[in-house]
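Note on naming: letters A, B, ... go to the chains in the order of the sequence lines (proteins, then strands), and numbering restarts at 1 for each one.
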Number of protein chains: 2
Amino acid sequence: MAHADNGRTRILDSAATVLRQKGLAGAKLSEIAKGAGMLAPSIYHHFPSKDHLVEEVMMEGIYHNSRHIVARVEVLGPDAAPLVRLRAAIVAHIDFLLSGDDYSSAVARVFNDLPDEMRRRVLAAYSSFDNYWRDLIVAAQADGSASATLDPTVVRKFLIAMLDSCSSWYRPGKLAPAQIAEQAADLLLHGFAGSSRPA
Amino acid sequence: MAHADNGRTRILDSAATVLRQKGLAGAKLSEIAKGAGMLAPSIYHHFPSKDHLVEEVMMEGIYHNSRHIVARVEVLGPDAAPLVRLRAAIVAHIDFLLSGDDYSSAVARVFNDLPDEMRRRVLAAYSSFDNYWRDLIVAAQADGSASATLDPTVVRKFLIAMLDSCSSWYRPGKLAPAQIAEQAADLLLHGFAGSSRPA
DNA sequence: GTCTATAATCAGATAGAC
DNA sequence: GTCTATCTGATTATAGAC
């Protein structure tokens with residue numbers, strides 16, 4: 001299950017790994033092919049172009065990520081307090097990113113470098129998930145447990161940027177992913193100011 | 001003063017603009033040259049390679065940015081409360097980024113794509129400025145006005161990632177830079193939770 | 001389905017005239 | 001100091017054998 005052994009999936013897995021590490025322009029087809037145990041031209045038996053391959057990695061990454069986070073939030077049930085749900089989403093997002101999912105890390109790394117038309121399509125696919133974050137944020141404001149003076153869109157942009165940045169600076173050995181996730185949630189929900197914070 | 005008219009500076013200005021908009025791989029020498037009113041090979045009269053040119057843009061960007069922020073913080077005087085100084089730094093950083101400085105935006109955009117050796121050098125140049133942020137953070141923790149349970153390094157990474165993200169999603173016409181800056185400072189210092197915040 | 005050529009393209013870099 | 005012309009190298013993509 002971890003490594004599907006058909007060629008197409010091996011190529012996708014390898015592409016996600018290389019894209020995550022090298023970025024869009026740095027991801028050469030020859031290296032992707034090597035990771036899949038074949039040579040570059042063989043990729044064209046499975047994908048019509050590099051762009052198509054990259055786009056499929058992006059779509060997979062979005063799907064992996066959103067499915068994981070939604071599952072971790074919805075297990076709390078719809079009656080959980082909005083802030084509890086939001087915290088769960090934050091922790092799940094970092095957890096997932098740092099637990100090494102190459103697909104979602106690849107999205108975080110190369111999204112801004114995508115060709116315009118492709119970025120539009122990927123963004124469209126992302127929008128339902130974006131709305132999920134937005135709903136979590138707005139729900140907390142609606143029931144009075146979060147600051148209504150903050151713009152929900154700005155909060156979401158800052159939140160996602162902050163969380164996504166982890167994959168570029170996290171190195172195993174110092175803080176564990178779970179600790180970083182807790183710090184992110186504390187910082188976002190309660191802020192840096194204040195000598196202690198509510199439990 | 002806005003546009004120095006010697007060739008070398010025109011090339012640097014154009015490179016910063018193109019790097020900011022297109023990223024590292026997307027920034028072609030021909031386009032940089034066009035922005036400077038010349039053709040690609042002429043660049044080599046002023047710079048030995050594209051890498052040298054890019055590195056100089058990065059160094060300028062760091063210098064611009066740090067000088068601006070330090071000035072806006074230090075005008076408060078050393079006796080200002082640490083949190084007041086930190087807030088000033090946050091506001092100044094966003095202000096500067098969104099006010100359209102191409103050099104510092106270029107740094108935020110391409111830093112992660114830089115070749116390894118060059119990224120090390122740029123990071124080294126950045127480290128004194130990094131320490132400046134760190135000192136602001138640690139000072140607030142030391143005098144009890146900020147949470148001591150948060151790791152200063154993690155706070156700094158999250159903070160910078162959040163602020164730098166502005167340049168990729170900000171569009172004139174909605175919230176003004178000053179408003180975004182205020183929201184960033186409120187979110188970071190006081191958090192999203194809480195129905196109101198201290199003045 | 002993967003391989004060995006090889007084409008087509010493009011961008012960074014160089015040579016040398018003006 | 002900038003140009004025209006050209007070289008070099010890398011990379012995506014194709015053709016066709018096995």
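Put simply, the side chain of B:R109 gets close to the backbone of B:Q21: a donor and an acceptor are under 3.5 Å apart.
Rounded to whole angstrom, the span from the NE2 atom of B:H45 across to the P atom of C:dC18 amounts to 18 Å. Regarding B:K22, its NZ atom lies at a distance of 11 Å from the P atom of C:dA11, rounded to whole Å. B:F47 places its CZ atom 15 Å from the P atom of C:dG12, with the value rounded to the nearest Å. Distance, A:L24 CG to D:dT11 P: 13 Å, rounded to whole Å. The separation between A:L29 atom CG and C:dT2 atom P is 15 Å, rounded to whole Å. D:dT2 atom C1' lies 11 Å from atom CZ of B:R10, rounded to whole Å. Between the CZ atom of B:R8 and the P atom of D:dT2 there is a distance of 13 Å, given to the nearest Å. Residue B:I43 contributes atom CD1, which lies 10 Å from atom P of C:dA13 at whole-angstrom precision.
Using a 4.0 Å heavy-atom cutoff across all strands shown, A:A25 reaches no nucleic acid atom at all. At the heavy-atom level, B:A33 lies nowhere under 4.0 Å from the strands shown.
Residue A:H46 places at least one side-chain N or O closer than 4.0 Å to OP1 or OP2 of C:dT2. B:S42 has a side-chain polar atom (N or O) that falls below the 4.0 Å cut-off from OP1 or OP2 of D:dC3.
The pair B:R72-B:D95 counts as a salt bridge, with a side-chain nitrogen and a carboxylate oxygen less than 4.0 angstrom apart. Comment: A:D13 does not engage A:R10 in a salt bridge, judged by the lack of any side-chain N to carboxylate O separation of less than 4.0 angstrom. Residues B:D186 and B:R87 are paired through a salt bridge, judged by an N-O separation under 4.0 Å between the basic side chain and the carboxylate.
Here C:dT2 is the nucleotide among C:dT2, C:dT4, D:dA5 with the atom lying nearest to any side-chain atom of A:M38. Nearest to the side-chain atoms of A:Y44 among the listed nucleotides C:dA15, C:dT2, D:dA13 stands D:dA13. Comparing D:dT2, C:dT14, D:dT12 by their nearest atom to the side chain of A:K28 picks out D:dT12.
When all heavy atoms are compared, the tightest approach of A:L114 to A:R119 is O-NH1, 3.0 Å.
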